[in-house]
Each structure stands twice: as structure tokens, then as C-alpha cells.
Amino acid sequence: MWLELWLQSTTQLLLGLACLKFSMQANSSLQAVHILILSSWRSGSSFVGQLFSQHPSVFYLMEPAWHVWVTMYQNSAKVLHMAVRDLVRSVFLCDMSVFDAYMPWKRNLSDLFQWAVSRALCSAPACDSFQRTDITSEMACKTLCGRYPFSKVEEACKTYSHIVIKEVRFFDLKVLYPLLTDPSLNLKIIHLVRDPRAVVKSREQSVKALARDNGIVLSTNGTKVEDSKYKVMQEICRSHVQIYETATLKPPGFLKDRYLMIRFEDLVRDPLSEISEMYKFADLSLTPTLKSWIYNITHGQGPGKKKEAFKITSRDAVNVSQAWRNVLSFQKIKKVQEVCKGAINMLGYQLVDSEKEQRDLSLDLVLPRRQNQFSWSSFNPKN
Ligand SMILES: *[C@@H]1O[C@H](CO)[C@@H](O)[C@H](O)[C@H]1NC(C)=O
Ligand SMILES: *[C@@H]1O[C@H](CO)[C@@H](O)[C@H](O)[C@H]1NC(C)=O
Ligand SMILES: *[C@@H]1O[C@H](CO)[C@@H](O)[C@H](O)[C@H]1NC(C)=O
Ligand SMILES: *[C@@H]1O[C@H](CO)[C@@H](O)[C@H](O)[C@H]1NC(C)=O
Ligand SMILES: *[C@@H]1O[C@H](CO)[C@@H](O)[C@H](O)[C@H]1NC(C)=O
């Protein structure tokens, strides 16, 4: 009798615990992981975004704060920090009403900036043309999924365990502290950096496209500017130093296991190892389809291999990541090194002192990450 009662109540307790666990899992907002890919223009962040976007557990948006900057273009990046942060927080919580302030009242899913690069907006429940486990392409998605109502964005978001946002519009890690300590969020930050000299080369290929954003970075009250004197570059480099230093030198407790720095060059040289590290950090696992896709894109195989902007092949990509050494003049390199010296040193790149060094590709300017960064071991998410 006594034993039976005890067994009964234990069973009930266990059942109760199981139910509780189930209901907690069922509540996706409780369990969701929020990943912010924090980067700057032309640093490989579209590629990294795709690595997450194509994962069947991930709801991904690329640059949602583009809408904030476009709407309030006469303000400075610093002034817009709070509005950008507020938008990012709402998107993490799948509250898309935040776009009311920045978009027309009558709108479609396709009014969202770069919506078609998000696999989640190209598959169910946002669009019926693709499965969640499909690898989607921007082109195919644009043709098939553009006319769905905007409400699909929120509906889809709520069905995912991982919300991932890529942003280039934060210049200060402290701006994100309120999100890191927000109990309704589970925020992890992937800080993606790239050799500033390679960034400059890439920015030169899209001068016009960057002019408005440059004005906001330099606070020109809406005037577009070309970054001919590398003032924007200087600001970008300063922000990478600030973010990296803040996260690694004396990080506040709430940053523990929530910050991961990734260099684009490492990703290009050893994609699988870096991707595995990012996935592990994000609590995601590689599916067989993703493995095949990643193999394909890093080996130049599969459909649409020449078209996709994020496509890298190991050999090509290593070359591309070094292209600045052949393309830029030593005069330019010297200027960039002047304004970005701190970032180049801190992120583990080597300065060149002469044109000879610049052109000599046998000289590796990317130092091994873990050896170079003295504070890394104390802040490695693997520990
Ligand atoms: C479940 O999520 C909703 C938001 O989707 C939230 O309002 C509610 O409080 C959560 N339930 C629990 C038990 O936390
Ligand atoms: C939104 O989709 C509707 C049809 O579903 C279409 O009539 C309308 O033109 C679209 N609007 C935009 C801005 O694309
Ligand atoms: C910014 O530009 C607008 C017009 O485009 C002007 O009315 C305003 O006075 C300017 N603000 C400053 C601080 O210069
Ligand atoms: C990878 O490429 C092969 C060969 O082109 C193709 O059969 C396969 O479907 C591709 N995998 C993915 C996931 O795209
Ligand atoms: C990469 O660069 C090296 C040295 O400049 C060159 O010899 C090689 O052909 C390039 N490889 C590719 C795939 O472009």
C-alpha cells in the first residue's frame, strides 16, 4: 500500500516534470536561440548569413535595420543605434509590427530588404513553393514567393528555434548590453571580421552603393559621400577594436559563452572547421543536406555555381581574399594601414612595409588566430 502510493506519486511527479519540459519546449520563445552576426560592409557576412539561413531550424533576416537607416538617413549611426537595437530585439522576438515605423502600411513579404536570401521566407509556412529542408536560391525564390502577405514573416518566424540576424550597423558592443541581459532573449554574437585592406579593395568595387551609408557613419546630415580619405574605414576599424577589446579583455559576466570572433580569412582557408565552430556555438547541428551543400559551395560544385555571390571555392577564395595585394597600390595600402593599424594588429593580420612585401604572396599576412590572440584561450567557447 505504502509502496504503491509512493510509486504513484513518483510517477505523477515524473509525468508532471515531463509535461513541464514538453510545454517549455513547445514554447519556442522560451527556448529560442538568438544569433547576431555582427560585421561590417564587404566582410563576407552575406556568405556567413547563408550558412545559417539555409539551416532548416533557422529563421534568418539579412540587415533588417537597413529600413531604419533608409528612413532616418539624416541621422548619425550613433543616434540610430537605439532604433536599430530596438528593431533587432523585436525581430528576435518575432514581433514584426516594428516595421510599421519604416514601411508602408500596405506591404508584401517582398517589401522586406533582401527577403529572398532568407530560406525561411522562401519555404513553408511563408511560401508554399519550397520545403524547409530545401536549399533555396535567391533567384528562384524571388520569382515564386514575392507576393505573399507581410504577415507571413511573423507567422514563419514563430515556428523556428533559432532566429539569426546579420547586421553591419552596430559600432559599439555596449549598445547591445541591454539585449544580452534581457531575460526574454538568449543572444549570442558572432563577430565577423576581415582584413581591412581586403575590405577596402572590395568597397572600391561598390562605391556608389555605399555612399548613403557612408554619410550616416560620418554624420553628414543626409549627404552621400565617397570614402576617398578612408574616414569610414577608420570608423569601421575603430569599432572592430572596440567590440573585440570589450568582449575579450575584461568582459562582463553576461558575455561568457556569448561572443565568438571569426575571421573571414580563416573561414576561407578551412571552411568546415570554422563552420562547425559557429554551429556549435549556435547550438545547431549539420544535416546531411547542409554538409553536401557546404561541400558543393566550397568546391565550386552544384547548381548555379557561377551565379551565387556567396560562392567560394577553396582555391579561388584564398586567392580572392589575397587579391588586394595585387590590385591596390602600395600608396593606398599605406593609408589604410595608417587608419586601421590597431585593428590590423589586434585581429591578427600583418602590416606590410614595402611594395615588395605586399606583392610577395609567399609571405602570409594572416597570423594563426589562437597563437596570436593572447586573451583567446580565456574566452574560447570550447572551454
Ligand atoms: C510562451 O510564449 C509566449 C509568447 O509567444 C509568452 O507570452 C508566454 O508567456 C510563454 N509561456 C510561458 C509559460 O513562459
Ligand atoms: C503585393 O501582392 C499583391 C498580390 O498578392 C499585388 O497585387 C501587389 O501589387 C503586391 N505589392 C507589392 C508592393 O509588390
Ligand atoms: C539637415 O538638412 C536639412 C535639409 O536637408 C536641414 O533642414 C537641416 O537644417 C540640416 N541640419 C543640420 C544640423 O545641418
Ligand atoms: C551538390 O552537388 C551535386 C553534384 O552537382 C548535386 O547532385 C547535389 O544535389 C548538390 N547538393 C546540394 C545539397 O545542393
Ligand atoms: C591563385 O593565385 C596564384 C598565384 O597568384 C596563381 O598562380 C593561381 O593560378 C591562382 N589560382 C586560381 C584558382 O585562381
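First listed ligand is number 1; within each ligand, the first listed atom is number 1.
For Trp293, no nitrogen or oxygen atom sits less than 3.5 Å from a nitrogen or oxygen atom of ligand 4, counting backbone and side chain alike. Looking at ligand 4, you won't find any N or O of Thr289 less than 3.5 Å from one of its N or O atoms.
The main-chain N or O of Val366 is never found under 3.5 Å from a side-chain atom of Glu265 such that the two would form a donor-acceptor pair. Counting only distance, with no hydrogens or angles, the side chain of Arg119 and the backbone of Val58 share a donor-acceptor pair below 3.5 Å.
For Gln114, there are no side chain to side chain donor-acceptor pair (under 3.5 Å) partners two or more places apart in sequence or in a different chain.
Counting side-chain heavy-atom gaps under 4.5 Å among Ile, Leu, Val, Met, Phe, Trp and Tyr, the cluster of Trp66 also holds Val70, Phe113. Alongside Val327, the hydrophobic cluster contains no other residue (criterion: ILVMFWY side chains under 4.5 Å).
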- Stepwise, does the salt bridge (charged side-chain N to carboxylate O under 4.0 Å, His left out) test hold for Arg169 with Glu63? CA-CA 8 Å; Arg169 296 166 212 282; Glu63 306 277 349; 3.3 Å; yes

Pairs under 3.5 Å, nitrogen or oxygen of ligand 3 with protein nitrogen or oxygen:
from, atom 1, to, atom 2, distance (Å)
ligand 3, 2 (O), Asn221, OD1, 3.4
ligand 3, 2 (O), Asn221, ND2, 2.4
ligand 3, 5 (O), Gln74, NE2, 3.0
ligand 3, 11 (N), Asn221, ND2, 2.8
ligand 3, 14 (O), Asn221, ND2, 3.2

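Distance check for Cys141 and Cys122: the SG atoms are under the 2.5 Å cut-off.
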